[in-house]
Amino acid sequence: MRLSRSFLPTLKETPAEAQIVSHRLMLRAGLVRQTSAGIYAWLPAGLRVLENVARIVREEQDRAGAQEILMPTIQAAELWQRSGRYEDYGKEMLRIEDRHGRPMLYGPTNEEMVTALFAAEATSYRDLPRNLYHIQWKFRDEVRPRFGVMRGREFLMKDAYSFDLTKEASEHSYRQMFVAYLRTFARMGLKAIPMQADTGPIGGKLSHEFIILAETGESQVFLDRALLDFDPLAEAPDYDAGLSPLVEFWTKHYAATDEKHDEAAWAAVPAERQVSARGIEVGHIFHFGTKYSEPMGLRVQGPDGADVIPQMGSYGIGVSRLVAAIIEASHDEAGIIWPDAVAPWRLHVLNLKPGDAGCDALAGALHDAMPAQAILDDRGDRAGVKFADADLMGTPWQAIIGPRGAAAGKVELKRRATGERLELTLEEALARIRG
RNA sequence: CGGGGCGUAGCACAGCCUGGUAGUGCGCCUGCUUUGGGAGCAGGAGGCCGGAGGUUCGAAUCCUCUCGCCCCGACCA
């Protein structure tokens, strides 16, 4: 993409409404624009990141055996009246009416709908287990949306729902998601730590929040350093086999948010392993038994011919929130530092002198070598503007093309994360970028 | 939902107290000069001062109502 023709509006100054660093950088780097309180439009660069995050989530859900579907954003109130949550959910639920006066709502989550959907088809224990997920926009009419996309009213969420015959099988489904989450966040370059959580209005007993560590995180967390030394990607899990040892490792060490903090248990952690940090919740998983399957009329016939009410769990990841969370965890004074896996582009080519034949040729060749993954700054601005925008936008690699280097056939390749610079030929640079 | 604050040009803000017909910086357009870390000079475009009522000869400024947005708290993927 050529910057001279793209819709990537960067801002030199920070808009007054943005308080936290990710919100400021998302506005300044031209990722999003607010359209109403807590509601955002995603511009090209932001959309690419959002889609990259969603892609990783999707790949890990699929790998863990979940199947993707897509449920609507608008739901009938009747569905929620059956579970009793139409009354319970309160003002956070955006209620609307269609032209016939029928009560509808913009879905804040999909337990009722997915359960009804599944109940209409499942009749036998052979239809279990199943895990269905979708990545869809949700709306929760937060009293006070803030922090940009971090706590918006409209947000993109991955939510998965598992259906099992027995409690034991259901706990296995829970562990599958638990492990999938560890991998998902690790692939985005994040340190995500599972922590015991309250189940809130969704209900149930088994529940973990996945918290990523970021200096600017909104909640205080306490954890055992042992959890930070482990790489979830070190080996591929066998989702069909027992995942208990893996999950046990992650749950036997101390980790808690300040709400659940237990001073006694904390004191038992050796002092040199105590880590007190800030965190952001990016995922939440629940096991809630028959809380929805029962009222929604989901039942299947077991091997013995008796009716069984399936056990369920639900598993959320805040996809749009993750974009902000990643920035909170990865930025510096100059701007965003995108982890390679989610970066909108791999390469940002800076043509410092458009119009100079050598610069145009070399910059164009670099860009054209990976057109879908490169952005070319071919604007007529001064070099300083381009350097500043490139750092702000945070693309992992910058190829700086000036007249002097171009004449010698050299590009200056800069790694955004480290600031490291190398003088390379075009081929060498491409080899390194493609890594 | 309780408390507080702010709406003036694309962005950041001044002007409001003490009414007299709108300004600064950045950005934008044109020209010249400049050209490796957010350039210089000159010229220029751009505002129903959030909206509606009212007071007044006259309202960005005073009064009333309304809409929007932000911050703190309680709540939350």
Side-chain angles (χ1 to χ4, degrees), chain A residues 9-20 23-24 27-28 30 33-39 53 57 89-93 107-111 135-160 181 185 192 197-202 207-212 218-219 257 259 280-286 314-325 333-335 350-356 359 377 379-392 398 400-406 411-412 414 419 421 423:
Chain A
T10 57
L11 263 25
K12 197 162 152 184
E13 288 178 277
T14 302
E17 74 260 23
Q19 301 299 313
I20 64 167
H23 190 194
R24 288 186 197 155
L27 291 173
R28 288 227 294 133
R33 289 285 111 105
Q34 177 168 293
T35 61
S36 293
I39 303 180
V53 169
V57 169
Y89 221 94
K91 292 195 154 187
E92 294 221 326
M93 179 183 279
T109 179
N110 290 67
E111 278 83 6
I135 297 176
Q136 177 64 290
W137 292 93
K138 306 276 190 295
F139 195 92
R140 290 183 193 168
D141 200 358
E142 298 276 348
V143 202
R144 194 187 154 208
R146 61 184 129 168
F147 305 149
V149 122
M150 186 79 85
R151 175 94 47 92
R153 291 195 292 172
E154 187 183 55
F155 53 96
L156 188 62
M157 181 173 166
K158 184 285 301 184
D159 40 326
Y181 275 34
F185 300 126
D198 281 322
T199 52
I202 293 183
S207 176
H208 286 91
E209 285 179 359
F210 285 75
I211 306 271
I212 66 158
E218 18 173 4
S219 46
T257 58
E259 297 97 28
I280 300 167
E281 181 183 353
V282 289
H284 203 155
I285 61 179
F286 305 85
S314 77
Y315 316 91
I317 289 181
V319 176
S320 48
R321 168 181 282 191
L322 266 169
V323 175
E333 282 299 299
L350 290 77
N351 182 349
L352 297 189
K353 193 166 187 182
D356 175 276
C359 286
D377 192 345
R379 298 173 301 178
D381 295 87
R382 298 172 62 81
V385 173
K386 298 183 183 187
F387 289 132
D389 272 350
D391 286 348
L392 207 213
Q398 294 175 13
I400 301 160
I401 316 287
R404 200 178 59 240
V411 315
E412 180 180 328
K414 173 181 162 184
R421 292 159 190 267
E423 288 268 316

* Asked: Nearest to the side chain of A:Arg146, which nucleotide is it out of B:C76, B:G37, B:C75?
  ->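 The listed nucleotide nearest to A:Arg146's side chain is B:C75.
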* To do: Just compare B:G36, B:C71, B:C75 and give me whichever is closest to any side-chain atom of A:Gln19.
  =>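 The listed nucleotide nearest to A:Gln19's side chain is B:C71.
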Regarding [N], can its base be found pairing with the side chain of [X] as donor and acceptor, where the two atoms are less than 3.5 Å apart?
X        : N     : value
A:Arg151 : B:C76 : yes
A:Glu13  : B:G10 : no
A:Arg421 : B:G37 : yes
A:Asp381 : B:G38 : no
A:Glu412 : B:G36 : yes

At 4.0 Å (heavy atoms only), tell me whether [X] reaches a base, stays on the sugar-phosphate, or touches nothing.
X        : value
A:Ala388 : base
A:Ile400 : base
A:Gly152 : base

In the strands shown, is [N] matched to any nucleotide by a Watson-Crick or G-U wobble pair with both distances under 3.5 Å, and which?
N     : result
B:C49 : none
B:G31 : B:C41
B:A77 : none
B:A12 : B:U24
B:U18 : none
B:U61 : none
B:G68 : B:C6
B:U55 : none

Can you tell me if [X] uses its side chain to pair, donor with acceptor, with the backbone of [Y] under 3.5 Å?
X        : Y        : value
A:Arg321 : A:Met150 : yes
A:Tyr181 : A:His284 : no
A:Lys158 : A:Tyr315 : yes

* **Ring-base stacking, A:Phe155 with B:A77 (5.5 Å, 30° cut-offs)** =>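 It does: the two rings, one from A:Phe155 and one from B:A77, meet the stacking criterion.
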For [N] and [X] - does any side-chain N or O of the residue sit under 4.0 Å from the phosphate oxygens OP1/OP2?
X        : N     : answer
A:Lys91  : B:C1  : yes
A:Gln34  : B:C70 : yes
A:Arg382 : B:A39 : yes

* First encountered from the 5' end of RNA chain B, between A:Arg404 and A:Pro15 ->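 So the residue in question is A:Pro15.
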* Asked: Mapping A:Ala18 and A:Leu11 onto RNA chain B by nearest heavy atom, which one lands closer to the 5' end?
  ->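 The answer here is A:Leu11.
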* Neighbour count >12 (heavy atoms, 6.0 Å) for atom CZ, A:Arg33 ->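 Result for CZ/A:Arg33: enclosed.
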* **Distance between C1' atoms of B:C69 and B:G50 (Å, rounded)** =>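 It comes out at 10 Å once rounded to the nearest Å.
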* Asked: How far, in whole Å, is B:U33 from B:C48 if one measures between their C1' atoms?
  ->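 Comparing C1' positions in B:C48 and B:U33 gives a spacing of 41 Å.
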* **Between CD on residue A:Glu154 and OG1 on residue A:Thr35, distance to nearest 0.5 Å** =>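 One gets 7.5 Å once the value is rounded to the nearest 0.5 Å.
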* Are A:Asp391 and A:Gln398 close enough that a side-chain donor and a side-chain acceptor fall under 3.5 Å? ->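 Result is yes, a qualifying pair exists.
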